[in-house]
Amino acid sequence: QVQLVESGGGLVQAGGSLRLSCAASGRTFSINNMGWFRQAPGKEREFVAAITWSGGNTFYSDSVKGRFTISRDNAKNTVYLQLNSLKPDDTAVYYCRCSSGGIEYWGQGTQVTVSS
């Protein structure tokens with residue numbers, strides 16, 4: 001079992017930055033990849049970014065490519081999402097996802113609000 005604890009969300013102005021963190025505990029030795037999804041009010045949850053745990057290969061949705069950066073610290077079992085050049089359309093609840101031992105785990109979500 002994996003437990004995920006997210007932090008770093010908040011309210012920022014358009015063009016600002018935030019850094020989200022997600023710390024994993026439990027069966028962390030089986031982590032294959034971790035990533036971030038987001039869900040805005042009235043919209044479906046969408047993929048944002050992911051990173052493989054061993055090789056550090058990154059993947060991004062087209063909407064955030066060039067603005068967001070995903071990274072990981074294997075020793076701390078933590079994944080980060082650096083959000084730069086934020087837009088009002090980035091406003092959403094951001095969820096951390098961990099794929100470990102063939103099972104998907106989700107964090108509680110952290111609110112990111114971007115004002116114009």
Side-chain angles (χ1 to χ4, degrees):
Q1 187 178 0
V2 174
Q3 297 80 44
L4 305 174
V5 179
E6 295 171 294
S7 62
L11 173 64
V12 297
Q13 296 185 69
S17 299
L18 284 173
R19 191 183 77 155
L20 309 183
S21 299
C22 176
S25 62
R27 194 177 292 185
T28 55
F29 57 85
S30 299
I31 294 176
N32 177 263
N33 66 83
M34 295 184 69
W36 295 89
F37 286 69
R38 67 185 183 185
Q39 187 167 24
K43 300 184 67 176
E44 295 182 355
R45 187 176 300 182
E46 66 172 338
F47 169 79
V48 176
I51 187 168
T52 60
W53 212 241
S54 60
N57 300 308
T58 58
F59 306 87
Y60 298 93
S61 67
D62 290 339
S63 62
V64 307
K65 194 173 301 180
R67 299 188 298 121
F68 294 3
T69 302
I70 189 169
S71 61
R72 87 249 194 265
D73 188 331
N74 299 65
K76 296 182 178 180
N77 297 314
T78 300
V79 65
Y80 306 93
L81 186 67
Q82 180 69 41
L83 298 77
N84 295 329
S85 302
L86 283 162
K87 307 173 181 179
D89 285 349
D90 295 319
T91 295
V93 177
Y94 284 70
Y95 296 92
C96 177
R97 186 188 73 174
C98 173
S99 297
S100 180
I103 301 175
E104 302 289 332
Y105 300 90
W106 294 86
Q108 81 285 357
T110 184
Q111 176 71 229
V112 171
T113 302
V114 184
S115 64
S116 59

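Everything numeric here is computed off the predicted structure, so don't read it as measured data. Residue numbers run from 1 in the order of the sequence given.
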Results of side-chain hydrogen bond (donor to acceptor under 3.5 Å, both in side chains) for Ser99 - residues two or more places apart only:
Glu104
Are side-chain N/O atoms of Thr52 and Ser54 paired as donor and acceptor at under 3.5 Å?
no
Between Thr110 and Gly9 (side chain of the first, backbone of the second, donor and acceptor by atom type, cut-off under 3.5 Å), is there such a pair?
yes
Is the shortest heavy-atom distance from the side chain of Arg72 to the side chain of Asn77 under 4.5 Å?
no
Other than Leu83, what residues sit in its cluster of Ile, Leu, Val, Met, Phe, Trp and Tyr side chains whose heavy atoms are under 4.5 Å apart, directly or through others?
Val2, Leu4, Val12, Leu18, Leu20, Ile31, Met34, Trp36, Val48, Ile51, Trp53, Tyr60, Val64, Phe68, Ile70, Val79, Leu81, Leu86, Tyr94, Ile103, Tyr105, Val112, Val114
Smallest separation among heavy atoms of Ser116 and Ala14, with atom names:
CA-CB, 4.4 Å
In terms of heavy-atom contacts, Ala92 and Gln111 come closest through O-OE1, 3.4 Å
Validation row: Glu46, Gln39 side chains within 4.5 angstrom (heavy atoms):
no
Taking Ser25's backbone N and O only, do any of them form a donor-acceptor pair with Thr28's side chain (distance below 3.5 Å, no angle check)?
no
With Arg67 via side-chain hydrogen bond (donor to acceptor under 3.5 Å, both in side chains) - residues at least two apart:
Asp90
State, to 0.1 Å, how close Tyr80 and Thr78 come at their nearest heavy-atom pair, and which atoms those are.
CZ-CG2, 3.5 Å
Using ring pair (Phe, Tyr, Trp, His ring centres under 6.0 Å) as the criterion, list what pairs up with Phe47, not counting sequence neighbours.
Phe37
Might you confirm whether atom CZ of Arg45 has over 12 heavy atoms from other residues, nucleotides or ligands at distances under 6.0 Å?
yes
Hydrophobic clusters join Ile, Leu, Val, Met, Phe, Trp and Tyr when side-chain heavy atoms are under 4.5 Å apart, directly or via other members; which others share one with Phe29?
none
For the residue pair Arg19 and Ser71, establish whether any side-chain heavy-atom pair is separated by less than 4.5 Å.
no
Determine yes or no for a side-chain-to-main-chain donor-acceptor pair under 3.5 angstrom, with Ser100 supplying the side chain and Cys98 the backbone.
no
Set of residues satisfying side-chain hydrogen bond (donor to acceptor under 3.5 Å, both in side chains) with respect to Asn33, sequence neighbours excluded
none
Which value, rounded to the nearest 0.5 Å, describes the distance between Cys96 atom SG and Gln108 atom CD?
9.0 Å
Linking I/L/V/M/F/W/Y whenever any side-chain heavy atoms sit under 4.5 Å apart, do Val5 and Trp106 land together?
no
Would you say that Arg27 contacts Gln1 through its side chain, given a criterion of any heavy-atom pair below 4.5 Å between the two side chains?
no
Testing the 3.5 Å rule here: is there a donor-acceptor pair between the side chains of Ser17 and Asn84?
yes
Would you compute the distance between atom CD of Gln13 and atom OG of Ser115 and round it to the nearest 0.5 angstrom?
5.0 Å
